J.: 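I have a structure here, written as structure tokens, and I will follow up with some questions on it.
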Number of protein chains: 2
Amino acid sequence: MSVEHILLGVLSWMPNSGYGIKKEVEISGRELGWGRLSYGSIYPKLKKLEEEGFIRAVTAEREGRMTKIYELTAKGWRELADWLRCPPAPPEIRDELVMKISFWETGLPEDRETLIEHLELRRREAEEMMRHLEEWSRNGYSAIGELGGLAMDYWLDHLRLSIEWYGRVIRYLEGPPAPPRQDPHGLYEKARRRRQDALGPEESDLPKHPRR
Amino acid sequence: MSVEHILLGVLSWMPNSGYGIKKEVEISGRELGWGRLSYGSIYPKLKKLEEEGFIRAVTAEREGRMTKIYELTAKGWRELADWLRCPPAPPEIRDELVMKISFWETGLPEDRETLIEHLELRRREAEEMMRHLEEWSRNGYSAIGELGGLAMDYWLDHLRLSIEWYGRVIRYLEGPPAPPRQDPHGLYEKARRRRQDALGPEESDLPKHPRR
DNA sequence: CTTAACATGTAAGATGTTACATGATTCG
DNA sequence: CGAATCATGTAACATCTTACATGTTAAG
């Protein structure tokens with residue numbers, strides 16, 4: 001319920017254009033802390049915020065280009081402060097890789113190589129992301145004040161932890177193919193049987209080529 | 001692009017009802033790894049998946065109650081496997097608290113107490129969440145196999161890190177009110193001035209009572 | 001001269017949430 | 001007997017993404 005507030009917050013750092021806001025919040029194509037912000041949502045929202053008097057457009061010349069720079073009005077600063085005072089919503093994490101890992105042993109137990117590939121790709125992406133972040137925070141931009149720096153640390157620490165965990169899972173997968181299994185409720189065995197009953201013994205054993 | 005696949009994955013653990021799927025995936029009202037799953041999206045999707053032949057309803061009696069239990073068909077198992085083989089989308093994290101912290105010094109610099117309250121509330125929630133998770137993983141349910149256990153570790157490690165970080169920020173905020181500031185680009189000073197120009201000197205200094 | 005980056009926007013469509021509606025059963 | 005939990009569903013609404021459309025300027 002508040003892409004609007006993210007926009008007001010970014011504009012509190014400095015007056016900016018729609019294009020500039022996206023650049024400000026994204027690091028290598030991803031947004032930290034706010035899923036994604038696409039132009040398709042930024043521009044209409046900025047228009048709406050202007051109509052409602054939270055921001056004001058100052059069509060300006062920036063390095064030779066015509067740019068529509070927005071800045072906060074008194075009403076906008078007040079709205080931002082009110083929003084900041086409200087208790088924040090709980091965090092939402094959407095991580096397809098971790099979900100796939102949770103489903104792997106019941107859904108595709110015979111194919112460990114593909115999962116290792118997923119993990120290695122993700123690990124490379126995360127390392128790339130960390131490099132960008134470290135460089136960015138050295139520039140001092142967008143991390144305004146000490147709190148901004150602490151927020152940066154938050155993302156860096158979590159990235160570091162994720163990278164470490166990807167390695168841990170890869171090491172597990174590269175180990176012996178059938179380790180002794182803790183299965184107090186027999187769920188894994190039952191799942192394996194249901195799958196075999198549905199697919200037949202041949203298909204449930206033969207890994208196929210990945211698509212996409 | 002795949003609440004559907006989450007449903008197929010959870011059904012691969014065991015045949016289940018719409019109600020049961022939600023219970024399975026949520027821990028104290030939050031879903032790990034997949035934002036939220038509301039009944040308003042679960043039931044229509046299950047219906048659609050059944051119409052398309054990925055799952056099959058087995059209306060059954062579970063502890064005296066009439067329950068619509070769904071299970072995967074051969075087509076459903078195949079679709080799950082195909083999805084698992086696809087490279088996963090990058091993770092999305094939506095964390096309003098961390099965003100608010102990034103905006104705090106430009107948006108509401110004079111009010112540190114409210115931010116400390118936000119952080120303490122969040123820390124309590126995270127500790128509560130950790131307790132639930134630890135208990136849950138001791139039961140052995142829903143963490144099928146070693147990989148399920150590793151996924152559990154992933155959430156626990158991240159929760160632990162977050163709790164540690166909340167403490168760090170609280171300690172910083174409880175420290176001296178105006179620490180020496182690194183501001184190589186003068187962004188903080190400029191933001192402060194823009195805010196004061198827009199709001200006037202009185203309003204920009206007086207914290208108000210929190211709403212909600 | 002052509003590619004990448006800068007820059008703004010719209011419209012259709014997918015997606016998901018909230019609130020509502022309903023009813024059974026269990027437990028204190 | 002009332003509250004909580006189990007259980008299923010719908011409809012209106014809010015939200016966001018994707019793809020498209022368009023044009024400029026800088027750099028190689």
Side-chain angles (χ1 to χ4, degrees), chain A residues 1-7 10-11 14-31 33-52 55 57-70 89-90 92-94 96 99 132, chain B residues 1-8 10-11 15-31 33-52 55 57-70 83 89-90 92-94 96 99:
Chain A
M1 213 198 169
S2 55
V3 178
E4 282 95 336
H5 291 117
I6 300 298
L7 296 176
V10 177
L11 289 177
M14 60 168 96
N16 217 332
S17 65
Y19 190 81
I21 288 171
K22 186 164 162 65
K23 287 279 118 25
E24 198 71 32
V25 176
E26 99 187 336
I27 290 165
S28 59
R30 299 239 287 290
E31 278 82 37
W34 201 259
R36 9 196 82 226
L37 272 190
S38 59
Y39 292 123
S41 62
I42 291 174
Y43 286 113
K45 288 291 183 212
L46 285 173
K47 201 181 188 182
K48 199 188 135 212
L49 286 170
E50 192 188 13
E51 282 164 10
E52 291 169 347
I55 60 179
V58 189
T59 300
E61 198 95 357
R62 195 152 72 169
E63 287 148 34
R65 271 196 195 75
M66 203 277 290
T67 312
K68 213 166 166 182
I69 301 286
Y70 290 97
E92 268 174 49
I93 302 179
R94 194 170 283 210
E96 231 183 61
M99 295 313 281
H132 278 273
Chain B
M1 216 200 162
S2 54
V3 178
E4 282 94 335
H5 291 116
I6 300 299
L7 296 176
L8 294 181
V10 176
L11 290 177
N16 215 334
S17 65
Y19 190 82
I21 287 171
K22 187 165 162 60
K23 288 277 120 17
E24 197 71 32
V25 176
E26 100 189 335
I27 291 165
S28 59
R30 300 238 289 289
E31 278 83 37
W34 200 259
R36 9 194 82 227
L37 271 191
S38 59
Y39 292 124
S41 61
I42 292 174
Y43 285 113
K45 288 292 183 212
L46 285 174
K47 200 180 188 181
K48 201 188 133 210
L49 285 170
E50 192 187 12
E51 282 165 10
E52 292 169 346
I55 59 179
V58 189
T59 300
E61 198 96 355
R62 194 152 72 169
E63 285 146 38
R65 273 196 192 76
M66 199 277 288
T67 313
K68 212 166 166 184
I69 302 285
Y70 289 97
W83 174 67
E92 270 174 45
I93 302 179
R94 195 170 284 209
E96 231 183 60
M99 293 316 279

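In what follows, chains are A, B, ... by sequence order, proteins preceding strands, each numbered from 1. Bear in mind that the values here come from a model prediction, so they are computed numbers and not experimental data.
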J.: What heavy-atom pair brings Glu96(A) and Ser2(B) nearest, and what distance separates the two atoms?
T.: OE2-OG, 3.7 Å
J.: State which residues pass side chain to side chain donor-acceptor pair (under 3.5 Å) with Lys47(B); sequence neighbours excluded, sorted by chain then number.
T.: none
J.: For the pair made of CG in Leu37(A) and C1' in dT18(D), what is the distance, rounded to whole Å?
T.: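 Going from Leu37(A) (CG) to dT18(D) (C1'), I get 15 Å.
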J.: Is the shortest distance from a Lys or Arg side-chain nitrogen in Glu31(B) or Lys22(B) to a carboxylate oxygen in the other one below 4.0 Å?
T.: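 A salt bridge is present here (some side-chain N lies under 4.0 Å from a carboxylate O).
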J.: What is the distance, to the nearest angstrom, from the NZ atom on Lys48(A) to the P atom on dT10(C)?
T.: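 For the pair Lys48(A) NZ and dT10(C) P, the rounded distance is 15 Å.
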J.: What pairs with Lys68(A) under salt bridge (charged side-chain N to carboxylate O under 4.0 Å, His left out), at least two apart in sequence or on another chain?
T.: none
J.: What distance do Ile93(B) atom CD1 and Met99(B) atom CE have between them, rounded to the nearest 0.5 Å?
T.: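 Rounded to the nearest 0.5 Å, the CD1-CE separation comes out at 12.0 Å.
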J.: When the distance from CG of Leu49(A) to C1' of dT8(C) is rounded to whole Å, what number comes out?
T.: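 In whole Å, dT8(C) C1' lies 16 Å from Leu49(A) CG.
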J.: Lys22(A) NZ to dT18(D) P: how many Å, rounded?
T.: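 Whole-Å distance recorded here is 10 Å.
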J.: Tell me whether the side-chain N/O atoms of Ser17(B) come closer than 4.0 Å to OP1 or OP2 in dT8(D).
T.: yes
J.: Return the polar atom pairs (N/O with N/O) between nucleotides 9-11 of chain D and the protein under 3.5 Å, or none.
T.:
from: dG9(D); atom 1: OP1; to: Lys68(B); atom 2: NZ; distance (Å): 3.0
from: dT10(D); atom 1: OP1; to: Lys47(B); atom 2: NZ; distance (Å): 3.1

J.: Considering only side-chain heavy atoms of Arg36(A), which listed nucleotide, dT17(D), dA7(C), dA7(D), is closest?
T.: dT17(D)
J.: For Glu50(B) and Ala57(B), which heavy atoms make the closest approach, and how far apart are they?
T.: OE2-CB, 3.3 Å
J.: For Tyr19(A), what residues pass the side chain to side chain contact (heavy atoms under 4.5 Å, CB included) criterion, not counting sequence neighbours?
T.: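 Only Ser17(A), Lys23(A), Tyr39(A), Tyr43(A) meet the side chain to side chain contact (heavy atoms under 4.5 Å, CB included) criterion with Tyr19(A).
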J.: If you check the Ser38(B) side chain, which of dT17(C), dC6(D), dA7(D) turns out closest?
T.: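 The answer is dT17(C), which lies nearest to the side chain.
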J.: Begin from the C-alpha positions of Leu46(A) and Ile21(A) and carry the test side-chain contact (heavy atoms from CB on, under 4.5 Å) through to its verdict.
T.: CA-CA 11 Å; Leu46(A) 285 173; Ile21(A) 288 171; 4.1 Å; yes
J.: What are the two closest heavy atoms between Leu8(B) and Ile55(B), and how far apart are they?
T.: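 Closest approach of Leu8(B) to Ile55(B), heavy atoms only: CD2-CG2, 3.8 Å.
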J.: What's the NE2-C1' distance between His5(A) and dC16(D), to the nearest Å?
T.: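 The answer, rounded to whole Å, is 17 Å.
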J.: Nearest whole angstrom, please: distance from the P of dG16(C) to the CD of Glu31(B).
T.: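 Glu31(B) atom CD is separated from dG16(C) atom P by 13 Å.
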J.: Nearest whole angstrom, please: distance from the C1' of dA7(C) to the CG of Asn16(A).
T.: 12 Å
J.: Nearest-Å distance, NZ (Lys23(B)) to P (dT8(D))?
T.: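 Distance, rounded to whole Å: 11 Å.
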J.: Could you please name the option among dT8(C), dG16(C), dT5(D) that lies closest to any side-chain atom of Tyr19(B)?
T.: dT5(D)
J.: Bend angle of the helix from dC1(C)-dG28(D) to dG28(C)-dC1(D) from five-pair axes at both ends, rounded to 10°?
T.: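 End-to-end axis angle for the helix from dC1(C)-dG28(D) to dG28(C)-dC1(D): 40°, rounded to 10°.
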